[in-house]
Amino acid sequence: MSNKVLRARVLTFFERPDSLDDESSYAFWEDGAVVTDGGRIAWRGNFSDLPEAYRTLPVTDHRPGILMPGFIDTHAHFAQMGVIASYGAQLLDWLHGYTFVQEALFEDEAHAQSIAACYLDEILRHGVTTSVVYGTSHKTAMDAFFAEAEARGLCMIAGKVLMDRNAPGNLLDTSQSGYDDSRRLIDTWHGRGRLHYAVTPRFAITCSEAQLDLAGTLMRETPDVFLQTHLCENRSEIEETARLFPGARDYLDVYESNGLLGPRSLFGHCIHLEPRERTALKESRSVAVFCPTSNLFLGSGLFDYESLKESGVRVALATDVGAGTSYSMLATASEAYKVSQLCGYSLNPLESFYLLTLGNARALSMEDRIGSLEAGSDADLIVVDSQATSAMRTRMQASPTLTDELFVLQTLGDDRCIAATYVAGERLK
């Protein structure tokens with residue numbers, strides 16, 4: 001890994017901004033620099049204050065772009081690249097009509113490897129340097145995904161889908177085979193390089209009580225793995241879960257009774273929560289994952305970001321590709337703003353960019369390694385260009401402040417705004 005100085009306008013967050021005037025929550029250097037050393041950040045600050053020890057290093061000048069930590073996506077399905085933008089269905093019909101058909105193809109390891117490579121290259125093009133990823137029910141597909149991520153030096157969190165009922169037979173595992181495959185994947189990949197494992201029951205409808213019990217066993221056996229699943233996305237889903245688990249107090253209780261809540265547990269969607277579920281999420285420090293583009297696309301409902309945040313529930317932001325309609329976290333933040341507007345809250349651009357970086361890192365309990373520009377953090381960095389398109393250049397003529405510029409990036413930005421992507425200090429895009 002080559003050590004270097006990256007010169008740019010530099011932005012990093014320390015806390016969640018309370019308002020547009022909350023300048024204590026972030027640092028911004030108009031002519032700044034970040035020094036990378038051995039794949040980590042050694043120093044950041046004003047370029048004019050660059051310590052003597054680094055002044056002989058090669059300098060890459062990205063001005064007038066803004067250099068910041070790489071974006072973090074907390075919920076995505078790499079196997080659904082082939083169904084993104086599939087017309088006309090809500091959640092359960094969409095799964096059976098599109099998703100399960102596509103996921104069956106991942107029994108072919110060569111296909112899984114090809115799509116894994118395509119997915120990782122695509123997210124890097126969009127400035128995403130860490131993603132929390134659902135696989136399929138095939139162990140070999142996850143081996144292929146982790147191998148592709150390792151080859152790029154990426155920090156990735158991923159897991160094989162556990163699914164032993166209510167899906168096509170060629171996609172089903174059993175409670176025991178799901179446990180055994182997950183155990184082998186954990187032993188092979190978790191903690192290897194920058195890779196992490198997530199125990200991944202797809203959702204309650206496709207998991208038997210026995211499978212959820214063994215998912216809890218995996219969590220107890222390896223406490224530093226993650227847990228990812230879906231919760232309260234769609235009214236029909238909630239009704240079917242109640243039918244399948246008549247003894248549960250509510251949807252979340254299906255997971256809670258099997259020991260699946262905790263600070264490393266990520267619950268996608270969380271739109272239609274009952275008061276008890278909110279309290280349980282807060283008390284367990286579990287994470288509710290806001291997936292605005294998929295919630296709108298499937299007509300599932302509006303995630304009440306402000307209410308959950310104010311009630312003390314930890315919240316993250318995610319694309320949810322492929323029900324989500326964009327690989328771009330900028331586009332995702334744009335839709336999050338619109339959903340929040342409909343719920344009576346204006347999500348300000350400082351808060352949006354906090355979520356895309358340090359906020360999502362904190363949701364993953366990984367803020368010591370990703371999401372900021374603190375010394376010792378991994379040098380996963382991006383450079384964003386607020387004048388990447390003619391429309392943005394025109395709009396930027398009337399945007400003199402940093403917050404204006406960030407809002408233009410959030411609202412009009414896409415992959416064209418990602419001028420560079422660095423992973424562990426090496427430029428991959």
Side-chain angles (χ1 to χ4, degrees), residues 13-19 22 25 72-75 132 157 198-201 203-204 212 215-216 219-220 223-235 237-238 241-242 245 247-292 294-295 300-318 320 336 339-340 342-348 351-352 354-368 371:
F13 288 91
F14 309 128
E15 297 293 340
R16 182 192 302 272
D18 291 329
S19 69
D22 186 4
S25 64
I72 300 166
D73 187 356
T74 56
H75 184 116
V132 184
I157 302 165
V199 177
T200 308
F203 66 158
L212 293 171
M219 298 295 292
R220 290 189 296 274
D224 63 340
V225 298
F226 293 83
L227 181 285
Q228 60 179 349
T229 190
H230 299 81
L231 173 68
C232 296
E233 179 177 2
N234 170 283
R235 294 290 189 189
E237 167 209 13
I238 295 169
T241 299
F245 295 90
R249 290 173 291 178
D250 46 46
Y251 193 160
L252 184 63
D253 191 42
V254 174
Y255 302 128
E256 188 175 0
S257 62
N258 287 285
L260 300 182
L261 276 62
R264 300 174 79 84
S265 297
L266 308 171
F267 293 95
H269 306 297
C270 298
I271 300 171
H272 308 289
L273 295 171
E274 298 295 332
R276 195 208 71 83
E277 293 172 308
R278 288 183 176 226
T279 300
L281 287 172
K282 174 187 175 182
E283 292 179 350
S284 64
R285 301 194 68 247
S286 300
V287 179
V289 183
F290 183 9
C291 305
S294 68
N295 297 160
S300 300
L302 303 178
F303 182 97
D304 194 345
Y305 169 76
E306 181 191 23
S307 176
L308 283 169
K309 179 185 72 168
E310 293 302 318
S311 65
V313 176
R314 298 167 72 208
V315 176
L317 185 62
D320 193 22
V339 168
S340 296
L342 290 170
C343 294
Y345 180 69
S346 294
L347 180 61
N348 80 64
E351 189 170 7
S352 294
Y354 165 85
L355 285 170
L356 299 181
T357 56
L358 182 58
N360 274 359
R362 285 179 167 173
L364 299 177
S365 302
M366 294 180 69
E367 64 270 26
D368 60 328

Q: Please report the closest heavy-atom contact between Ala215 and Val199, naming both atoms and the distance.
A: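 In terms of heavy atoms, the two residues are closest at CB-CG1, 3.9 Å.
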Q: Would you name the heavy atoms of His272 and Glu277 that are closest together and state the gap between them?
A: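 Reported closest heavy-atom pair: O-OE1, 4.1 Å.
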Q: Could you grab the distance from atom OG of Ser257 to atom CZ of Phe245, nearest 0.5 Å is fine?
A: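 One finds 8.0 Å between OG of Ser257 and CZ of Phe245.
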Q: Would you check if the side chain of Arg314 reaches a backbone N or O of Ala363 as a donor-acceptor pair within less than 3.5 Å?
A: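 Yes; at least one donor-acceptor contact below 3.5 Å.
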Q: Keeping the roles fixed (side chain from Arg16, backbone from Gly359), state whether a donor-acceptor pair exists under 3.5 Å.
A: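 Not at all, since once roles are kept as given, no pair shorter than 3.5 Å links the two residues.
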Q: Run the side chain to side chain contact (heavy atoms under 4.5 Å, CB included) test on Leu273 and Leu281 for me, step by step, so that the C-alpha distance in whole Å, both residues' side-chain angles and the decisive distance to 0.1 Å come before the verdict.
A: CA-CA 10 Å; Leu273 295 171; Leu281 287 172; 3.8 Å; yes
Q: Looking at Tyr251, is its backbone amide N or carbonyl O close enough to the side chain of Thr241 to form a donor-acceptor pair, meaning the two atoms are under 3.5 Å apart?
A: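 Here the side-chain-to-backbone pair does not exist.
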Q: Using 0.5 Å steps for rounding, measure from the CG atom of Leu252 to the CZ atom of Phe267.
A: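 Answer rounded to 0.5 Å: 5.5 Å.
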Q: For the residue pair Gln228 and Ile157, establish whether any side-chain heavy-atom pair is separated by less than 4.5 Å.
A: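 They are not in side-chain contact.
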Q: Of all the heavy-atom pairs spanning Val254 and Ala248, show the shortest one and how long it is.
A: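 Reported closest heavy-atom pair: CG2-CB, 3.8 Å.
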Q: Is it the case that atom NZ in Lys282 sees more than 12 heavy atoms from other parts of the structure closer than 6.0 Å?
A: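 No, not enclosed.
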Q: Check step by step if side chain to side chain contact (heavy atoms under 4.5 Å, CB included) holds for Asn295 and His269.
A: CA-CA 8 Å; Asn295 297 160; His269 306 297; 3.0 Å; yes
Q: Quick one: NZ on Lys309 to OG on Ser340, what's the gap to the nearest 0.5 Å?
A: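 So the NZ of Lys309 and the OG of Ser340 are separated by 9.0 Å.
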Q: Could you go step by step and tell me if Val289 and Asp320 meet the side chain to side chain contact (heavy atoms under 4.5 Å, CB included) rule?
A: CA-CA 9 Å; Val289 183; Asp320 193 22; over 6 Å; no
Q: Once side-chain hydrogen bond (donor to acceptor under 3.5 Å, both in side chains) is applied, do any residues pair with Asp73, and if so which ones, sequence neighbours excluded?
A: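 side-chain hydrogen bond (donor to acceptor under 3.5 Å, both in side chains) list for Asp73, sorted by chain: Thr319.
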Q: Roughly how far, to the nearest 0.5 Å, is NE2 of His230 from OG of Ser300?
A: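 Reported to 0.5 Å precision, the distance equals 10.5 Å.
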Q: Looking only at atom types and distance, does a side-chain atom of Ser286 sit under 3.5 Å from a main-chain N or O of Gly262, one as donor and one as acceptor?
A: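 Side chain of Ser286 to backbone of Gly262: a pair is present.
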Q: Please name the pair of heavy atoms, one in Arg220 and one in Asn258, separated by the smallest distance, quoted to 0.1 Å.
A: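 Heavy atoms only, the tightest pair is NH1-O, 4.3 Å.
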Q: From His75 NE2 over to Leu317 CG, what is the distance, rounded to the nearest 0.5 angstrom?
A: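 His75 atom NE2 to Leu317 atom CG measures 12.0 Å (nearest 0.5 Å).
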Q: Determine the minimum heavy-atom distance between Ala288 and Val313, stating which atoms define it.
A: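 Looks like CB-CG1, 4.0 Å.
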Q: State, without any angle test, whether Tyr305 and Glu351 hold a side-chain donor-acceptor pair at a distance under 3.5 Å.
A: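 A donor-acceptor contact under 3.5 Å links the two side chains.
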Q: Applying side chain to side chain contact (heavy atoms under 4.5 Å, CB included) to Thr229 and Leu260, what does each step give before you reach the verdict?
A: CA-CA 10 Å; Thr229 190; Leu260 300 182; over 6 Å; no
Q: Assess whether salt bridge (Lys or Arg N to Asp or Glu O under 4.0 Å) is satisfied between Arg276 and Glu283, documenting all intermediate values.
A: CA-CA 10 Å; Arg276 195 208 71 83; Glu283 292 179 350; over 6 Å; no
Q: How far apart are the closest heavy atoms of Asn360 and Thr74, and which atoms are they?
A: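 Minimum heavy-atom separation between Asn360 and Thr74: CG-CG2, 3.6 Å.
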Q: What's the spacing between Arg264 CZ and Ser284 OG if we round to 0.5 Å?
A: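 Going from the CZ atom of Arg264 to the OG atom of Ser284 covers 14.0 Å.
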Q: Is there a donor-acceptor pair closer than 3.5 Å between any side-chain N or O of Asp250 and the backbone N or O of Asp253?
A: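 Answer holds: yes.
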Q: For the backbone of Glu233 and the side chain of Glu237, can you confirm whether one donor and one acceptor N or O come within less than 3.5 Å of each other?
A: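 Yes, Glu237 side chain to Glu233 backbone: donor-acceptor pair under 3.5 Å.
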Q: Please verify the inter-ring angle class for Phe290 with Phe303; under 30° counts as parallel, over 60° as perpendicular, anything in between as tilted.
A: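 It falls in the parallel class, under 30°.
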Q: Establish, from distance only, whether the side-chain atoms of Tyr354 and Ser25 form a donor-acceptor pair under 3.5 Å.
A: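 Side-chain D/A pair, Tyr354 to Ser25: absent.
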Q: Do the side chain of Tyr345 and the main chain of Asp304 share a donor and acceptor less than 3.5 angstrom apart?
A: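 Pair absent, no side-chain N/O of Tyr345 close to backbone of Asp304.
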